[in-house]
K.L.:
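Please read through the structure below; I'll follow up with questions.
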Amino acid sequence: MKPSNARWQYLSCLLAVMLAWTAQAAREEYVKTRMEASAPDTGPAAREEAIRQAQVEIVADILKSALASEHFARVKSLLDQTPRYISTTQLMRCNFRDGLVRVEIECYVKRADLMKDAAAMLLPRLPVPPTALVIVLQEAKEGVADADTASKALSKTLKDRGFDLVDTEVVRACHSDEEIATAVQGDNDVAARFARERFADVAILGHADIANAAEAGSLNLVTSTAHVTLRLFRTTDGKLADDLSSEAVIHGVDPKAGADAALQDACTKMAVDLEIAATMTVGGTRATEDILITIEQPGGEDRVKEVLKVATAFAGQDAELLVCTQRLARIRLPYDGAMTPLLDALTGQRYSGATLETQKAIQRNVQMRFLP
């Protein structure tokens, strides 16, 4: 039976919406790119070999655009699986000249699958576990959810995947709750300055909205809705590397339990994407010889600036003060030499009547304190 005009119009609109959604999802999952390549013209298979070489170059370029060179080397074997990541290939141009066949192709590449596999391969091959800082501010209407539900859930996800999580108490030793909230809620420039204080390899700053509403027609059912948004920053330069969002709805009779469950569900939905995004953020960080010096109870910025002068003079490059409060100071020093002479130079000076003592030094991270 032929549908009525009204129903036909409704079905047409629904189909149009579904197609638009599918196209949008496809744009997120796939990327279109072109590449040229050549192969010796030795027979009928030469063109196919040139096309294969172009496909490999396309996948390699996508990986190189996301990863620093040393990290690309750790996942380079994925190029052997290039056909897995090529959805469609169209030959745009082909010619034979000087004993070569030259082709230009256009491909749709399954970028999401490629990034997922690259992250899974890269994370266990990193020389040390990457560190992550997770701070999610929750806006709980009617006080219906624990203040750290989202932060704990997301932190557990990363810890289970192999990340070392930075205790937020380290951050609170430098900043008040108001300053942290300003950084998390601020624009990308404000958040980037906070991320560059280098508390971790990747800074994950987010916001969670939770709301409860009585269900229409019900005496006791409550709909709990949670929406979580995250921004991931590369801390070496403060670059916004990725952003994620997720939403979940729970129906129940206990408002607080429903809100917590909705938050947990929203965080669970983004767990895989968060692992991939955090790993690729770390993977996009180029190796650096920077020394990070943390000084406990620095006793004022003037004394810390004296340390900067000594460090700069020894290394021959400008030391940068990342953060300085009464409780903690952090210094970045570009330096690729041996650690012992540097530490001897820093501890062999007086700074406003005090000397420095090294508490511990692990790789390129040094913790120090002043002694009278």
Side-chain angles (χ1 to χ4, degrees), residues 19-128 130 201-202 232 234 236-237 239-243 272-273 275-289 336:
L19 288 174
W21 182 88
T22 303
Q24 182 179 1
R27 284 195 297 271
E28 294 173 352
E29 296 291 326
Y30 296 81
V31 293
K32 182 174 73 171
T33 184
R34 288 192 178 195
M35 180 63 65
E36 296 180 355
S38 64
D41 180 17
T42 57
R47 189 185 71 169
E48 296 306 314
E49 174 60 20
I51 291 174
R52 190 190 71 81
Q53 289 291 340
Q55 290 173 333
V56 171
E57 287 299 320
I58 284 174
V59 173
D61 278 357
I62 293 174
L63 287 173
K64 289 176 181 178
S65 69
L67 298 170
S69 57
E70 64 269 26
H71 297 313
F72 169 73
R74 294 186 170 100
V75 303
K76 192 176 180 180
S77 61
L78 288 176
L79 299 182
D80 297 335
Q81 306 174 43
T82 290
R84 289 185 54 200
Y85 307 113
I86 303 297
S87 176
T88 62
T89 300
Q90 183 177 358
L91 181 61
M92 309 301 294
R93 181 171 54 84
C94 178
N95 58 62
F96 300 84
R97 190 175 61 196
D98 301 329
L100 296 174
V101 55
R102 293 180 172 84
V103 300
E104 180 182 8
I105 63 172
E106 181 178 272
C107 288
Y108 276 92
V109 183
K110 302 174 185 176
R111 186 182 186 279
D113 289 349
L114 180 59
M115 293 298 103
K116 181 179 180 181
D117 291 349
M121 181 176 289
L122 176 63
L123 189 55
R125 297 186 179 190
L126 294 173
V128 294
D201 296 320
V202 54
L232 287 81
R234 193 169 64 197
T236 52
D237 56 8
K239 179 183 178 182
L240 175 64
D242 212 335
D243 58 82
V272 173
D273 288 340
E275 176 196 359
I276 295 170
T279 302
M280 299 307 288
T281 299
V282 174
T285 302
R286 290 175 173 80
T288 175
E289 298 297 336
D336 60 0

K.L.:
Any chance you could measure Thr279, atom OG1, to Ile276, atom CD1, to the nearest 0.5 Å?
P.N.:
8.0 Å

K.L.:
If every non-hydrogen atom of Asp80 is compared with every non-hydrogen atom of Pro83, which pair is closest and at what distance?
P.N.:
O-CD, 4.5 Å

K.L.:
Which pair of heavy atoms, one from Pro130 and one from Leu123, lies closest together, and at what distance?
P.N.:
CG-CD1, 3.7 Å

K.L.:
What is the distance from atom CG of Leu67 to atom CD1 of Ile62, rounded to the nearest 0.5 Å?
P.N.:
11.5 Å

K.L.:
Measure across Ala46 and Ala39 and return the closest heavy-atom pair with its distance rounded to 0.1 Å.
P.N.:
O-CB, 3.7 Å

K.L.:
Do Leu232 and Leu240 make a side-chain contact, defined as non-hydrogen atoms from C-beta onward lying under 4.5 Å apart?
P.N.:
no

K.L.:
Under the side chain to side chain contact (heavy atoms under 4.5 Å, CB included) rule, collect the residues that match up with Lys110, sequence neighbours excluded.
P.N.:
Tyr30, Ser87, Asp113

K.L.:
Could I get the full list of side chain to side chain contact (heavy atoms under 4.5 Å, CB included) partners for Thr89, not counting sequence neighbours?
P.N.:
Ile51, Gln55, Ile86, Ile105, Cys107

K.L.:
Report the C-alpha distance between Leu63 and Leu79 in whole Å, list the side-chain angles of each, state the deciding distance to 0.1 Å, and finish with yes or no for side chain to side chain contact (heavy atoms under 4.5 Å, CB included).
P.N.:
CA-CA 9 Å; Leu63 287 173; Leu79 299 182; 4.2 Å; yes

K.L.:
Enter the distance from Glu29:CD to Arg111:CZ here, rounded to the nearest 0.5 Å.
P.N.:
10.5 Å

K.L.:
Which value, rounded to the nearest 0.5 Å, describes the distance between Tyr85 atom OH and Leu78 atom CG?
P.N.:
4.5 Å

K.L.:
For a quick test of your reading: what N or O donor-acceptor pairs under 3.5 Å do the side chains of residues 91-100 make, sequence neighbours left out?
P.N.:
| from | atom 1 | to | atom 2 | distance (Å) |
| --- | --- | --- | --- | --- |
| Arg93 | NE | Glu104 | OE1 | 3.4 |
| Arg93 | NH2 | Glu36 | OE2 | 2.9 |

K.L.:
Hey, what do you get for CG (Leu114) to CD1 (Ile58), rounding to the nearest 0.5 Å?
P.N.:
12.0 Å

K.L.:
Using every non-hydrogen atom in the two residues, find where Ser38 and Arg102 come nearest and quote the distance to one decimal.
P.N.:
CB-CG, 3.9 Å

K.L.:
Give, for atom CG of Asp237 and atom OG1 of Thr285, the distance between the pair rounded to the nearest 0.5 Å.
P.N.:
7.0 Å

K.L.:
Would you check if Val282 and Leu126 make a side-chain contact, meaning some heavy-atom pair closer than 4.5 Å?
P.N.:
yes

K.L.:
Do you know the tightest heavy-atom contact between Met121 and Val75?
P.N.:
SD-CA, 3.5 Å

K.L.:
Identify the two heavy atoms, one from Val101 and one from Asp41, that lie closest to each other, and give their separation to 0.1 Å.
P.N.:
N-CB, 4.1 Å

K.L.:
Got a sec: does the CZ of Arg47 have more than 12 other heavy atoms crowding it under 6.0 Å?
P.N.:
no

K.L.:
Going by the rule side chain to side chain contact (heavy atoms under 4.5 Å, CB included), which residues pair with Asp336 if we only count those two or more places apart in sequence or in a different chain?
P.N.:
Glu289

K.L.:
What salt bridge (Lys or Arg N to Asp or Glu O under 4.0 Å) pairs are there with at least one residue in residues 50-65, not counting sequence neighbours?
P.N.:
Glu49-Arg52

K.L.:
For Gln81, enumerate each residue passing the side chain to side chain donor-acceptor pair (under 3.5 Å) test, keeping only those at least two apart in sequence or located in another chain.
P.N.:
Arg84

K.L.:
Within the structure provided, determine whether Asp201 and Arg234 are in side-chain contact (heavy-atom separation under 4.5 Å).
P.N.:
no

